[in-house]
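One structure below.
Quick caveat, the model's predicted, so the values are computed rather than measured. In each ligand, atom 1 is the first atom listed, and ligand 1 is the first ligand listed.
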Amino acid sequence: MADEPDIAVIEALIGSDLYRQSLRLREAVLRRPLGLTVTEEELADDAMRQHFCAISYGLVVGTVSLRPLDEATLQLKQMAVAEDRRREGIGARMLAHAEGWAHGAGFLLMVLNARMGAEGFYARFGYQAHGEPFDENTIPHIGMTKRLS
Ligand SMILES: CC(C)(COP(=O)(O)OP(=O)(O)OC[C@H]1O[C@@H](n2cnc3c(N)ncnc32)[C@H](O)[C@@H]1OP(=O)(O)O)[C@@H](O)C(=O)NCCC(=O)NCCS
């Protein structure tokens, strides 16, 4: 339909322009508001992760990464949607894409540390909170998991 937003979720290979745009979005959404930056340690860890981005009319408007913890478990990290593009279903599209990729690759469990406030987003898609809240990057988070089927 002509007025449907043009959104696709695709891989952002390290070193690509899509990866660089994704990194800028991560920094803008997840780090700068907390007075932090993406650390060298985190950049090094990126090599161990699978990166996806949502693009709209050629621009990255969302980003998410997956890091294997063991043969069966992936940790979903760095989920961020551009502030002016939230509540359009972009986060949901990226989550579904990440889960589809994970399932296809044979992983059985997705785990993540949700910022308090984003917990409701993940709960809508079947993630269950566990344990006590803890601080990460200076703000409270809660552990959440979902069995992939
Ligand atoms: C959390 C975030 C990724 C959600 O992305 P989004 O594109 O706005 O979400 P969607 O539009 O796909 O929302 C899907 C559903 O979740 C709901 N939802 C979105 N954000 C929510 C929130 N914070 N709490 C509860 N529900 C939420 C939407 O209303 C929608 O529900 P519906 O299908 O019944 O209409 C986005 O708000 C964001 O980037 N926030 C800042 C960074 C952040 O907190 N990242 C998570 C780190 S753990």
Is ligand 1 under 4.0 Å from a heavy atom in the side chain of Asn113, in the backbone, in both, or in neither?
backbone
Record the part of Ala114 in heavy-atom contact with ligand 1 below 4.0 Å; permitted values are side chain, backbone, both and neither.
backbone
Exceeds 12 heavy-atom contacts within 6.0 angstrom, atom CD of Glu136:
yes
Where do Arg85 and Glu88 land on the salt bridge (charged side-chain N to carboxylate O under 4.0 Å, His left out) test, with the steps shown first?
CA-CA 6 Å; Arg85 298 299 303 269; Glu88 290 181 30; 2.8 Å; yes
Could you tell me whether atom 2 (C) of ligand 1 has at least one protein heavy atom nearer than 4.0 Å?
no
What is the minimum heavy-atom distance between Ile142 and Ala129, and which atoms define it?
CG1-CB, 4.0 Å
Of all the atoms in ligand 1, which lie at a distance below 4.0 Å from a heavy atom belonging to Tyr122?
46 (C), 48 (S)
Which segment of Glu119 sits under 4.0 Å of ligand 1 when only heavy atoms are counted
neither
When you measure from the side chain of Arg26 to the backbone N and O of Ala80, does any donor-acceptor pair fall under 3.5 Å?
no
Going from CD1 on Ile14 to OG on Ser65, what distance comes out if it is rounded to the nearest 0.5 angstrom?
8.5 Å
How long is the straight-line distance from OG1 of Thr73 back to CG of Leu109, given to the nearest 0.5 Å?
5.0 Å
Between Lys146 and Glu99, is the salt bridge (charged side-chain N to carboxylate O under 4.0 Å, His left out) condition met? List the steps.
CA-CA 10 Å; Lys146 179 176 177 177; Glu99 289 176 1; 3.1 Å; yes
Looking at atom 8 (O) of ligand 1, what's its closest protein heavy atom, distance included?
Arg87 N, 2.8 Å
Derivation of the salt bridge (charged side-chain N to carboxylate O under 4.0 Å, His left out) call for Arg31 and Glu42:
CA-CA 12 Å; Arg31 292 292 176 269; Glu42 200 178 330; 3.3 Å; yes
Using a 4.0 Å cut-off to any heavy atom of Glu88, which atoms of ligand 1 qualify?
11 (O)
For ligand 1, which part of Arg124 has a heavy atom less than 4.0 Å away: the side chain, the backbone, both, or neither?
side chain
Which protein non-hydrogen atom lies closest to atom 44 (O) of ligand 1, naming both residue and atom, and how far is it?
Arg115 CD, 3.5 Å
In this structure, which one of His97, Gln50, His51 forms a side-chain hydrogen bond (donor to acceptor under 3.5 Å, both in side chains) with Glu11?
Gln50
Protein heavy atoms near atom 35 (O) of ligand 1, is at least one of them under 4.0 angstrom away?
no
At what distance is the nearest protein heavy atom to atom 11 (O) of ligand 1, and which residue and atom is it?
Gly89 N, 2.8 Å
Heteroatom distance test (Leu30, ligand 1): nitrogen or oxygen, under 3.5 angstrom
no
Taking only heavy atoms of Ala80, which atoms of ligand 1 are found under 4.0 Å from at least one of them?
39 (O)
Applying side chain to side chain contact (heavy atoms under 4.5 Å, CB included) between Leu76 and each of Asn113, Val111, Val64, report the one that passes.
Val64
Give me the residue, atom name and distance of the protein heavy atom closest to atom 38 (C) of ligand 1.
Arg86 NE, 3.5 Å
Of all the non-hydrogen atoms in the protein, which one sits nearest to atom 45 (N) of ligand 1, and at what distance?
Met79 O, 2.8 Å
What is the closest protein heavy atom to atom 9 (O) of ligand 1, and at what distance does it sit?
Phe121 CE1, 3.6 Å
Could you label the plane-to-plane angle of the His141 and Phe134 rings as parallel, tilted or perpendicular, counting under 30° as parallel and over 60° as perpendicular?
parallel
Quick test: of every protein heavy atom, which one is nearest to atom 39 (O) of ligand 1, and how far off is it to 0.1 Å?
Val81 N, 2.8 Å
Does an N or O anywhere in Val29 fall below 3.5 Å from an N or O of ligand 1?
no
Could you tell me whether some N/O pair between Gly117 and ligand 1 is separated by less than 3.5 angstrom?
yes
Closest protein heavy atom to atom 12 (O) of ligand 1, given as residue, atom name and distance to 0.1 Å
Ala92 N, 2.8 Å
Quick one: CG on Leu66 to CG on Leu112, what's the gap to the nearest 0.5 Å?
10.5 Å
